[in-house]
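Let me begin by presenting the structure, written as structure tokens, before commenting on it.
Every chain is numbered from 1 and lettered A, B, ... according to where its sequence line falls, protein lines coming before strand lines.
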Amino acid sequence: MPELPEVETIVQGLNRKLKNRKIVDLWTDWPKYFKLPKGEKNFRRCIIGKKIISVERRAKNVLIYLSDNYLMLVHQKMSGHLMVGHWQKIVSADNLPENWQGQKWRPVKFSGPFTDPMNRFIRLIFYLDDGRMLALSDLRRFAKVLCASKSIIFNLPEIKKLGPEPLDKNFTYKKFREPFFSKGGKIKQLLMDQTFISGIGNIYADEILWASKIHPLRTIASLKEENFRELYRTTQSILKKAVRLRGTSIDDYRDATGQKGDYGKMLLAYHHDGEPCKRCGAIIKRMKIGGRSAHFCPRCQKI
DNA sequence: ACAATATCCTGCGAGC
DNA sequence: TGCTCGCAGGATATTG
């Protein structure tokens, strides 16, 4: 679900709310979430009793720094949302809110945005020592949660391989341009390749390409220097603006407190197929590229 | 070696 | 109304 701006927004919220909290218990109805890297045997033991030092973002991963040099990594994948709320144990299921009726029983009352439909899909809960909880709502159950010592997590291949952060101060044009010399293929797929630049997914790839007037099927070899300049510029400006507006809530994305992001109304290509292009008036098209839908203007994004 | 496809899941809306 | 199909913001494994 969330891409860089959404994960960044969530992380900022979590960091404010979770700092110095101790994790006292956890509950899940989907133990498959837990992945233990080599050297760790027991997820519960990794987590319980640990204090949360800080929360940071790397690519689309949420990094929760714990005491004893431990680190919990959460990847929300397509439908995951981390949120913080108050909780109390529910003794009887009789007075569950309407949107929980008929759902699998959950051991808590989540009093954040209680009527938020996403609450139905809370599958994992970390209970905190201040009476609050960190919950993972995840309709499709794709999310992944890892816990291990810092060094083990940072040495995982999927973390080590990650490309540079596009909003990092050190992300110069040179750094952006360099990998294109050695890689081929189509521009859209490369923009979404996490080993190339980290944090860009389907929405922002489409927006960046529209803003740069580049067709998603353009090959790297066909791009001119001015195209790369434009891609570099729009990548940073679009992601920055999306972070400022707290992400895109087309469907179900929420920040850590259940609020929607405001970048949705800024979208100019993504989900605008069938509508006139805001720049030239041609009808925005949608096509499948590498199993994902791409939205683009067939007139001003020339192939 | 590369790229297209299947896979992990569930819910929703469209179309018949 | 009720069924089936396609679709969804990700990443990895498998196939061709």
Side-chain angles (χ1 to χ4, degrees), chain A residues 1-10 28-35 37 57-62 73-82 99-100 102-104 116-124 136-146 156-163 182-210 216-217 219-221 238-239 242-243 245-255 260-264 266-267 269-274 286-295:
Chain A
M1 176 243 1
E3 305 180 30
L4 186 152
E6 291 77 31
V7 179
E8 181 64 30
T9 305
I10 284 191
T28 186
D29 64 357
W30 194 251
K32 262 179 144 177
Y33 282 134
F34 304 132
K35 312 269 188 267
R57 179 187 64 76
R58 176 70 176 105
K60 300 171 192 168
N61 299 284
V62 178
L73 178 154
V74 181
H75 197 307
Q76 307 175 104
K77 295 282 182 87
M78 297 279 256
S79 63
H81 315 274
L82 285 168
N99 63 348
W100 277 15
Q103 299 292 323
K104 203 169 172 156
D116 191 307
M118 289 305 106
N119 287 0
R120 276 165 55 207
F121 308 116
I122 290 177
R123 320 237 189 246
L124 168 62
L136 175 72
S137 153
D138 183 25
L139 187 154
R140 292 170 76 182
R141 303 180 199 261
F142 284 174
K144 162 175 104 163
V145 184
L146 285 156
L156 292 168
E158 66 259 44
I159 301 300
K160 264 184 132 169
K161 283 190 319 197
L162 287 172
S182 52
K183 284 206 184 184
K186 300 182 180 74
I187 183 61
K188 166 143 188 191
Q189 279 151 302
L190 218 48
L191 279 179
M192 299 203 309
D193 182 341
Q194 301 303 298
T195 67
F196 173 66
I197 313 180
S198 53
I200 300 173
N202 210 25
I203 296 181
Y204 295 103
D206 281 358
E207 294 302 305
I208 289 164
L209 289 170
W210 185 89
L217 285 177
T219 60
I220 303 309
I238 286 174
L239 292 176
V243 169
L245 294 181
R246 309 180 60 76
T248 300
S249 294
I250 286 189
D251 193 2
D252 52 13
Y253 162 73
R254 300 291 186 280
D255 72 12
K260 293 187 177 191
D262 291 324
Y263 197 78
M266 309 303 295
L267 296 178
Y270 187 81
H271 269 206
H272 281 276
D273 44 310
R286 191 175 86 148
M287 71 184 294
K288 282 264 174 201
I289 301 176
R292 313 296 297 276
S293 57
H295 311 73

**Request:** Would you please confirm or rule out a distance under 4.0 Å between OP1 or OP2 of C/dA11 and any side-chain N or O of A/K60?
**Result:** yes
**Prompt:** Where are the stems of DNA chain B, defined as at least 3 consecutive Watson-Crick or wobble G-U pairs with both distances under 3.5 Å?
**Reply:** B:2-8 with C:10-16, B:10-16 with C:2-8
**Request:** Taking ring pair (Phe, Tyr, Trp, His ring centres under 6.0 Å) as the test, write out the residues that go with A/H271, two or more places apart.
**Result:** A/H295
**Message:** Between A/R286 and C/dA8, is there a contact of a side-chain N or O with OP1 or OP2 at under 4.0 Å?
**Reply:** yes
**Request:** Identify whether NZ of Lys or CZ of Arg in A/R123 sits under 6.0 Å from the centre of the six-membered ring of A/W30 and within 45° of that ring's axis.
**Result:** no
**Asked** Between C/dT1 and B/dT10, how far is it from one P atom to the other, in whole Å?
**Response** 27 Å
**Message:** At less than 4.0 Å, is any side-chain N or O atom of A/Y270 found next to OP1 or OP2 of C/dG9? Yes or no.
**Reply:** yes
**Message:** Under 4.0 Å from OP1 or OP2 of C/dA8: is there any side-chain N or O of A/K288 that close?
**Reply:** yes
**Message:** Any side-chain N or O of A/K186 below 4.0 angstrom from OP1/OP2 of B/dA4?
**Reply:** yes
**Prompt:** Using the C1' atom in both, what is the distance from C/dC3 to B/dC8, to the nearest Å?
**Reply:** 25 Å
**Message:** OP1 or OP2 of B/dT10 versus the side-chain N and O atoms of A/R141: is any pair under 4.0 Å?
**Reply:** yes
**Prompt:** Within less than 4.0 Å of OP1 or OP2 of C/dG9, is there a side-chain N or O belonging to A/S293?
**Reply:** yes
**Prompt:** Using a cut-off of less than 4.0 Å, is there contact between a side-chain N or O of A/H75 and OP1 or OP2 of C/dG10?
**Reply:** no
**Prompt:** So, is A/Q189 close to the B/dA4 phosphate, meaning a side-chain N or O under 4.0 Å from OP1 or OP2?
**Reply:** yes
**Message:** It should be established whether A/R140 places a side-chain nitrogen or oxygen under 4.0 Å from OP1 or OP2 of nucleotide B/dG11.
**Reply:** no
